[in-house]
Amino acid sequence: MFNYWLIKSEPTTYSIDQLKRDGFSTWEGVRNFQARNYMRDVMKVGDLALFYHSNEKPPGVAGVCRICKEAFPDFTAWNPESPYYDPRATSEKPIWVMVEVEFVEKFPSLVTLDTLKRHPELQDLYILRSRSRLSIIPLEKKHFEIIRALGRQEARLLHVQ
DNA sequence: GCCAACGTTGGC
DNA sequence: GCCAACGTTGGC
């Protein structure tokens, strides 16, 4: 039984296009306990995740990736040179974890936050709450599939709606 | 263990 | 660039 996720990244930091080029990538730098716990305790190899571009105009879901390696220590936390440095973390007590994701698909058109907000079946989602800050968000399968179906539509069809 | 202050996220 | 929301910290 797989889980479904939405994971956020600022495309200036790491985008779906970079993941497509790279094929797979570590997902480091998560510095929120709830998000860490989801990665550490729940995420499994094979889980699918929507790749959300935050802090972009417009923000939205850009594609899909798959978890290909389960949680392991986020070593960027104990590197003073890293923007994700956390002086409390050590190799003995890593505090933070990361996973690895692999590229699955890029949608022909971004599913914008605005589109999600307008969709009648997506009204209760955490990501639609104003300034929801969690960067790793569990989704129900049906919500994942609705959003993926929106993403797979041609851009021109979305504009007609 | 409460809660004010602070820092960050992220839509606008 | 603004600023509301909210997770986290730290004084008490």
Side-chain angles (χ1 to χ4, degrees), chain A residues 3-20 22 25-43 47-65 67 71-101 103-140 143-144 146-151 153 155 158-159 161:
Chain A
N3 309 295
Y4 297 88
W5 306 93
L6 180 142
I7 61 178
K8 292 185 194 173
S9 179
E10 300 192 17
T12 51
T13 304
Y14 198 74
S15 68
I16 190 83
D17 289 321
Q18 282 174 270
L19 181 61
K20 185 176 185 179
D22 296 342
S25 173
T26 50
W27 202 260
E28 73 276 14
V30 173
R31 295 292 178 267
N32 169 286
F33 288 107
Q34 197 180 349
R36 178 204 65 180
N37 294 349
Y38 280 135
M39 286 203 294
R40 188 188 61 190
D41 305 332
V42 190
M43 263 188 181
D47 287 358
L48 293 175
L50 298 171
F51 194 119
Y52 182 89
H53 282 174
S54 63
N55 253 320
E56 184 66 337
K57 294 176 182 175
V61 179
V64 178
C65 58
I67 311 308
F72 57 103
D74 183 345
F75 46 78
T76 63
W78 61 76
N79 173 9
E81 307 296 314
S82 168
Y84 304 125
Y85 179 57
D86 181 346
R88 301 169 301 176
T90 64
S91 50
E92 289 76 31
K93 288 191 73 177
I95 303 180
W96 306 110
V97 301
M98 57 173 141
V99 296
E100 204 166 280
V101 300
F103 177 79
V104 174
E105 66 182 293
K106 180 189 175 183
F107 295 147
S109 64
L110 189 78
V111 183
T112 64
L113 181 59
D114 190 55
T115 299
L116 299 178
K117 283 179 177 172
R118 289 164 188 272
H119 194 102
E121 292 179 72
L122 300 174
Q123 290 309 303
D124 53 347
L125 289 195
Y126 173 85
I127 40 173
L128 303 185
R129 281 173 39 188
S130 99
R131 299 183 178 85
S132 66
R133 301 176 57 178
L134 198 57
S135 63
I136 308 276
I137 301 166
L139 285 179
E140 289 179 36
H143 293 142
F144 175 91
I146 289 168
I147 298 168
R148 184 173 58 184
L150 290 171
Q153 293 181 42
L158 281 174
H159 290 142
Q161 286 180 346

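Lettering follows sequence order; numbering is per chain, from 1.
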Taken in chain and number order and not counting sequence neighbours, the residues that satisfy salt bridge (charged side-chain N to carboxylate O under 4.0 Å, His left out) with A:D22 are none
By the 4.0 Å heavy-atom rule, please label A:N32 as base, sugar-phosphate, or nothing.
sugar-phosphate
Need one value for A:S132: base, sugar-phosphate or nothing, where a base atom within 4.0 Å counts as base even if backbone is also close, heavy atoms only.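 Touches sugar-phosphate only.
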Those residues at least two apart in sequence (or on a different chain) that pass ring-ring contact (aromatic ring centres under 6.0 Å, His included) with A:F107 are none
Among all residues two or more places apart in sequence or in another chain, which pass the ring-ring contact (aromatic ring centres under 6.0 Å, His included) test with A:F144?
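With neighbours one apart ignored, the set is A:Y4.
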Using residues 49-58 of chain A as the side-chain source, report each donor-acceptor pair under 3.5 Å to any protein atom, sequence neighbours left out, with the distance given to one decimal.
from, atom 1, to, atom 2, distance (Å)
A:H53, NE2, A:I16, N, 3.1
A:N55, ND2, A:E10, OE2, 3.0

(request) Return yes if a side-chain donor-acceptor contact under 3.5 Å exists between A:T76 and A:D74, otherwise no. (result) yes
Along DNA chain C, first and last positions that approach a heavy atom of chain A under 4.0 Å
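That gives a stretch of C:dA4 to C:dT9.
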Determine all donor-acceptor pairs shorter than 3.5 Å in which one atom belongs to a side chain in residues 35-42 of chain A; sequence neighbours excluded.
from, atom 1, to, atom 2, distance (Å)
A:R36, NH1, A:I95, O, 3.0
A:N37, OD1, A:R40, NH2, 3.3
A:N37, ND2, A:F33, O, 3.3

message: Need to verify one output field. Residue with the more 5' nearest nucleotide on DNA chain C, A:R31 or A:N55?
response: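 Comparing both residues, the 5'-ward one is A:N55.
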Ranking A:Q34 and A:K57 by the position along DNA chain C of their nearest nucleotide, the one closer to 5' is A:K57
